[in-house]
Amino acid sequence: MPPIVEITALRKAYASGFEALKGVDLSIEEGEILALLGPNGAGKTTLISTVCGITTATSGTVRVAGHDTVEDFRAARSMIGLVPQEINLEPFERVKNTVRFSRGLFGKSPNPALIEKILRQLSLWDKRDSQIRELSGGMKRRVLIAKALSHEPRVLFLDEPTAGVDVELRRDMWEIVADLKRDGVTIILTTHYIEEAEAIADRIGVIAAGEILLVEDKDKLMSRMGKKELEVQLSEPISDIPASLVSDALRLKADGTALIYTYDTKSERTGITQLLSDVAAAGLVLRDVVTRQSSLEDIFVDLVSEGEAP
Amino acid sequence: MNWTAVKSIYVFEMARFFRTIAQSFISPVLSTSLYFVVFGAAIGSRIQEVEGVTYAAFIVPGLIMLSVITQSISNASFGIYFPKFIGTIFELLSAPVNFLEIVMGYVGAAATKALFIGVIILATAFLFVDLQIQHPFAMVGFLVLTCISFSLMGFIIGIWAGNFEQLQLVPLLIVTPLVFLGGSFYSISMLPPVWQIISHFNPVVYLISGFRWSFFGAADVSIGVSLFAIAAFTALCLSVIWWIFKTGWRIRQ
Ligand SMILES: Nc1ncnc2c1ncn2[C@@H]1O[C@H](COP(=O)(O)OP(=O)(O)O)[C@@H](O)[C@H]1O
Ligand SMILES: [Mg+2]
């Protein structure tokens, strides 16, 4: 199946001359949830804005279900829903009215039942006649989500949907995302909450300084890059690793109370048995043994710092 | 054409207008009544007749034009500046709509509001002066065309403006003088010859002249020229807007 969103050699230089996207290539499969991780200023919002038509690309192309987003913008855009990062809403408008407006703007005929369903799902139904300015920040974000869902998009962009929102909304969000995925909607979300990507994404893309550093299946990524650490806690602190144990994989904890052994989970032999018998042979007494799996966060920090290295 | 989108924008904008309908009407009705008292009754009683009609009646078309033009510009410029200012314009830019649909929605609503106000002022005028309209269809036609063309101009101003001061500046610095010097309160033929020539460069002269013709059957310039001038002005505004959306000037980064 051809990708639902296909971004090719996309560059964006702002009027200031600053190049926010430096040749992005990205294919997004229909029905998947892709999390775009990246530090502030990486170009996540710029990428989304360019796909959605809010900014114009300097060069490169974007296709949505085969429709060029410039040449054939009507077909492309009518498939896309966008929940922007900034809360942009008219303060004096009423909730239901603004959601209804979004649906009309996308050329869809009125569907009160659908609007009601969306508002209920987002716990906004009681607030349907409230003015936006009367709502809390989290509620306003829900309104933005309702507006984007009102026109039944096939591809949904969520730009930092859970930045600065309460736990409850984050849970609701994840539920909605799961529901949409069940309906076959493709979801691209940007975040710098790694747990979020870890919790809901199928694939993870890492972007930094306007370049995509990697896009990979989440589980594969974690097992490929996931290393485990074994911490061998000693009953007596030592000042140096005994000569018989010295290896690249082993280091001493700063306070000398433990040896830390790093190993690869996917290799045939982890070397743990050997290590433990060597430790005993060296006359060290074990107090406890702990293992740790490196998280997506560690992977991400590693990648981005590598990306920034000259 | 995405007619649903046009209608949505139009209805949304009109709803804003109806929410503040009392405010929208009070100010133009009040100021027009004051004009009638000052120019029509106080000064007008000392002026015999202009082009065969009483002075109070003579100023009615000009007063309507004055209000309709300022209302069209302020409605349309604010209508598009506001989403730009608060950021909701992202939705227009990411929606499957083209520039014509956006313009029809916003300019259509702004022009409708101005038309409402024009009609209200005409009704107010009937309270003060004895008035007969010789060419009612032409009158309505001129009114509608004026609302549309100046709403288009207002739309351009709204996109151009970078802040609220600029939004007020153009109407104040350009439009008000043009309208006042456009023969709202006098016939161009009353001016010294040099000023008569200068007046022919003022597009508003053609509008007011044509509009006054539809009331009294007499005009400063011929009706055909008036129609041509307003059509040319509308076409100019439309092409500027087409260019704005094509290049993304001041709206797309
Ligand atoms: N309108 C603009 N003009 C100039 N530079 C911009 C503009 N918008 C964003 N940038 C710059 O582009 C880079 C990427 O920004 P953005 O896409 O918002 O990043 P992210 O969403 O990943 O935090 C940043 O360095 C930002 O300062
Ligand atoms: Mg961002």
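Keep in mind that the numbers below use all heavy atoms, side chains included, and drop hydrogens, waters and symmetry copies. Below, read A as the first sequence line, B as the second, and so on, with proteins coming before strands; counting in each chain starts at 1.
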Q: Sort out for me which of B/Gly248, B/Gly105, B/Pro96 touches chain A most, counting heavy-atom pairs under 4.5 Å.
A: B/Pro96
Q: Could you look at B/Ile89 and say if it's the side chain, the backbone, both or neither that has a heavy atom under 4.5 Å from chain A?
A: neither
**Q.** Residue part contacting chain B, namely of A/Leu105, when any heavy atom lies under 4.5 Å
**A.** both
Q | Which atoms of A/Thr50 approach chain B - backbone, side chain, both or neither, heavy atom under 4.5 Å | A | neither
Q: Answer with side chain, backbone, both or neither: which region of A/Tyr14 has an atom nearer than 4.5 Å to a non-hydrogen atom of chain B?
A: side chain
Q: Indicate whether the side chain of A/Asn88 and that of B/Thr88 have a donor and an acceptor atom separated by less than 3.5 Å.
A: no
(Q) As an exercise: rank B/Val11, B/Ile251, B/Ile102, B/Val97 by heavy-atom pairs under 4.5 Å with chain A and give me the winner. (A) B/Val97
Q: For the pair A/Asp179 and A/Gln121, evaluate side chain to side chain donor-acceptor pair (under 3.5 Å) and give the outcome as yes or no after the intermediate values.
A: CA-CA 11 Å; A/Asp179 276 2; A/Gln121 192 177 21; 3.0 Å; yes
Q: Measure across A/Asp129 and A/Arg94 and return the closest heavy-atom pair with its distance rounded to 0.1 Å.
A: O-NH1, 2.8 Å
Q. Taking the six-membered ring for Trp, are the ring centroids of B/Tyr206 and B/Phe228 within less than 6.0 Å of each other?
A. no
Q: Using a strict 4.0 Å threshold on nitrogen-to-oxygen distance, state whether A/Glu116 and A/Lys96 make a salt bridge.
A: no
(Q) Report which part of A/Lys108 has an atom under 4.5 Å of a heavy atom belonging to chain B: side chain, backbone, both, or neither. (A) backbone
Q: Report yes or no: do A/Glu90 and A/Thr98 form a side-chain donor-acceptor pair below 3.5 Å?
A: no
